[in-house]
Peer 1: 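Please find one structure pasted underneath; my questions will follow.
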Protein chains: 2
Amino acid sequence: MATIKDVAKQAGVSVATVSRVLNSNGYVNEDTKKKVEEAIDRLNYKPNAVARSLYKKTSKTIGLMVPDIVNPFFPELARAVEDTAHKLGYNVVFCNTDENVEKEEHYLEILLQKYVDGLIVASNTLTAEKVRQLNIPVVSIDRKINADIPTVVVKNKSGARKATGFLLEMGCKRIAHLSGPEHIDNAMERRTGYLEEVGSEPWFDSSYIEDGNYDMKTAINATLQLLGRHPEIDGIFAGNDVMAIGAIKAAHKFGKKVPEDLAIIGFDGISLAEATTPELTTVGQPIYDMGTIVADLLVKLIEKKAVENTFFEFDVELIERESTRKV
Amino acid sequence: MATIKDVAKQAGVSVATVSRVLNSNGYVNEDTKKKVEEAIDRLNYKPNAVARSLYKKTSKTIGLMVPDIVNPFFPELARAVEDTAHKLGYNVVFCNTDENVEKEEHYLEILLQKYVDGLIVASNTLTAEKVRQLNIPVVSIDRKINADIPTVVVKNKSGARKATGFLLEMGCKRIAHLSGPEHIDNAMERRTGYLEEVGSEPWFDSSYIEDGNYDMKTAINATLQLLGRHPEIDGIFAGNDVMAIGAIKAAHKFGKKVPEDLAIIGFDGISLAEATTPELTTVGQPIYDMGTIVADLLVKLIEKKAVENTFFEFDVELIERESTRKV
DNA sequence: TTGAAAGCGATACCAC
DNA sequence: GTGGTATCGCTTTCAA
């Protein structure tokens, strides 16, 4: 590969001049500029990004840390992040943390050593203190870490109220909730939304809530428990779509028809939700838009551009499909 | 951040010595080693990976280029790749090419400038010639580019025969095929497998094949076409799971019960296939294993370690679930 | 408007 | 065993 020296030699100028035309900064005569550009073409010269990084202490790459890219929420997010990063001239290296602190810290260390310019994280193990120590911009997605850290989330509580309220409208009399893990803030917000909607109904008690761990297998069992305990349940609000799909499966096993006997609503709006039968009614997050916004925000922070806002709380939208019925 | 110079000063030695203990190569006295290590701890020194890259011309990062991470086949693959890369000390930067040549070439250029050590690609636009010019190891996944390029794929043809043969065993008399795009080799192999199984049946003609473009929406329409043309169809082999899910939906629309009236089988074994009702019978690829193998292979190639094999053709496995029935 | 030279932070060769 | 220093390829003062 040709280097800047080769180009300089070809063009009969110094490397400084080549650098100037490369970065179009500083004065350079039109003719010499032309000469340099010809040399660049002739040699098919591409500047070495690593050398550049070393000097500038930036790498034009950002890190994306998610618990698990296989979790259907994240591919779409990752896609949006990568799309806009690419558009803005950044590459993205992605990391699966499995919500494991050691793994996360290991990644952080490596990424810092590589001069990544910023980080997008979906994590509940990361603390504000650690983020500060990184000394690079960090944006949190899907979860709130701390008020000091720029964040992109959705209105989980009001979304949960929408979901539960919709079930009520549909005529459901006993609505159960499949909850996400207690250590994930958005799960707790969704649970709170559910409680605000039905927590003071005369029939309600906490045995209408079961932990489904945001995952399908657990949700199947949890739903079976729920249905065994309370056969009168006629509506389930699941804290995410994956659990809602589990609930549909469990309902079938249990001999309940969805939506006739049991209405089910999810949360997230992942594309999986359209693959089920019946198709899942859900509270949809604008996942792609959120990915676009985080990436945009992060790059602005990196490039020290003005940002009008460092906290984005997106509205969610009820998407009515087949798993809930009008009575 | 502390540099190697700071450490040298702290320890009262030269940077050369620090470098030696860092890389544990060359002779270094036990005591001075201890001194250096103490200095490293005290300063919380982490070597600068960029500087190292510049000198060594490698970056300990690999590129992963896929058409679209949102396509449910790829997250699991990406996960496997990232897992094993990480285990082996590499980061992975991921790129979505949308099967677009310009985008692909743009990525290649950038990645080269950043000294990525190797590439894993799922592409049908990349040519052997271009790969050669890159001058870094490249491994092809899911698609065959060229015999010279290390490749990890599955036995598409025999998998397709398994699928079609299974439908025959189940008692299907008229089996249609939803095919993937013509420019994707694995799609053509799967079609060939189907043809070998039923192409010479007296009833067969090419109107039993419809292009579903590996995508759900197209597959729904294609299935509707198929069913309209040939109401006698009682089995469908879809070239991938996403299309099979589309076929299930179309069947419902058309008023056919799956599997009673119509058996449907897919290909891939993505986790989506377990979310449907009925759950999808499919020909499963060992996606995670394939990802592990490609990453392993690529790293071996990068590190110029001996590889016994540069072509892996995995067996596929028929996973019988609910969308096909025993008559 | 251009060039020489000092970094950026490591590695590795060559002396001693 | 250890240190001095050229080198990796680029950017950016500082002079001319």
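Throughout, a chain's letter reflects where its sequence line sits, starting with A, and its residues are numbered from 1.
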Peer 1: Separation of B:Lys114 atom NZ from D:dC8 atom C1', in whole Å?
Peer 2: 19 Å
Peer 1: Which word best sums up how the rings of B:His86 and A:His106 line up, parallel for under 30°, tilted for 30 to 60°, or perpendicular for over 60°?
Peer 2: tilted
Peer 1: How long is the gap from CZ on B:Arg52 to OG on B:Ser19, to the nearest 0.5 Å?
Peer 2: 8.0 Å
Peer 1: Counting primed atoms plus P, OP1 and OP2 as sugar-phosphate and everything else as base, spell out the protein contacts along nucleotides 6-13 of chain C at 4.0 Å heavy-atom distance: B, S or - for each nucleotide, 5' to 3'.
Peer 2: -BBBSBBB
Peer 1: Using whole Å, what does the distance between atom C1' of nucleotide D:dC10 and atom NZ of A:Lys60 come to?
Peer 2: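 Spelled out: NZ on A:Lys60 to C1' on D:dC10 is 16 Å.
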Peer 1: Please identify which of these residues, B:Thr97, B:Thr125, B:Asp98, meets the side chain to side chain donor-acceptor pair (under 3.5 Å) condition with B:Lys103.
Peer 2: B:Asp98
Peer 1: What is the distance, to the nearest angstrom, from the OH atom on A:Tyr27 to the C1' atom on D:dC14?
Peer 2: 16 Å
Peer 1: Around atom NZ of B:Lys130, are there more than 12 heavy atoms of other residues, nucleotides or ligands at under 6.0 Å?
Peer 2: yes
Peer 1: Can you measure from CG (A:Leu77) to CG (A:Asp289) and round to the nearest 0.5 angstrom?
Peer 2: 11.0 Å
Peer 1: Could you tell me, to 10°, how much the axis swings from one end of the helix from C:dT1-D:dA16 to C:dC16-D:dG1 to the other, five pairs per end?
Peer 2: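 End axes: 50° apart.
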Peer 1: Take atom CD in A:Glu182; do more than 12 heavy atoms of anything else shown fall under 6.0 Å from it?
Peer 2: no
Peer 1: For A:Thr32, report the nucleic acid contact type (base, sugar-phosphate, nothing); a contact means any heavy atom under 4.0 Å.
Peer 2: sugar-phosphate
Peer 1: What nucleotide, of C:dA4, D:dT2, C:dT1, holds the atom closest to the side chain of A:Ser14?
Peer 2: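 Looking only at side-chain atoms, A:Ser14 lies closest to C:dA4.
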Peer 1: Taking everything shown except A:Glu313 itself, do over 12 heavy atoms lie less than 6.0 Å from its CD?
Peer 2: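 More than 12 within 6.0 Å, yes.
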Peer 1: Could you tell me whether A:Lys144 atom NZ has more than 12 heavy atoms of other residues or ligands within 6.0 Å of it?
Peer 2: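 Above 12, so yes.
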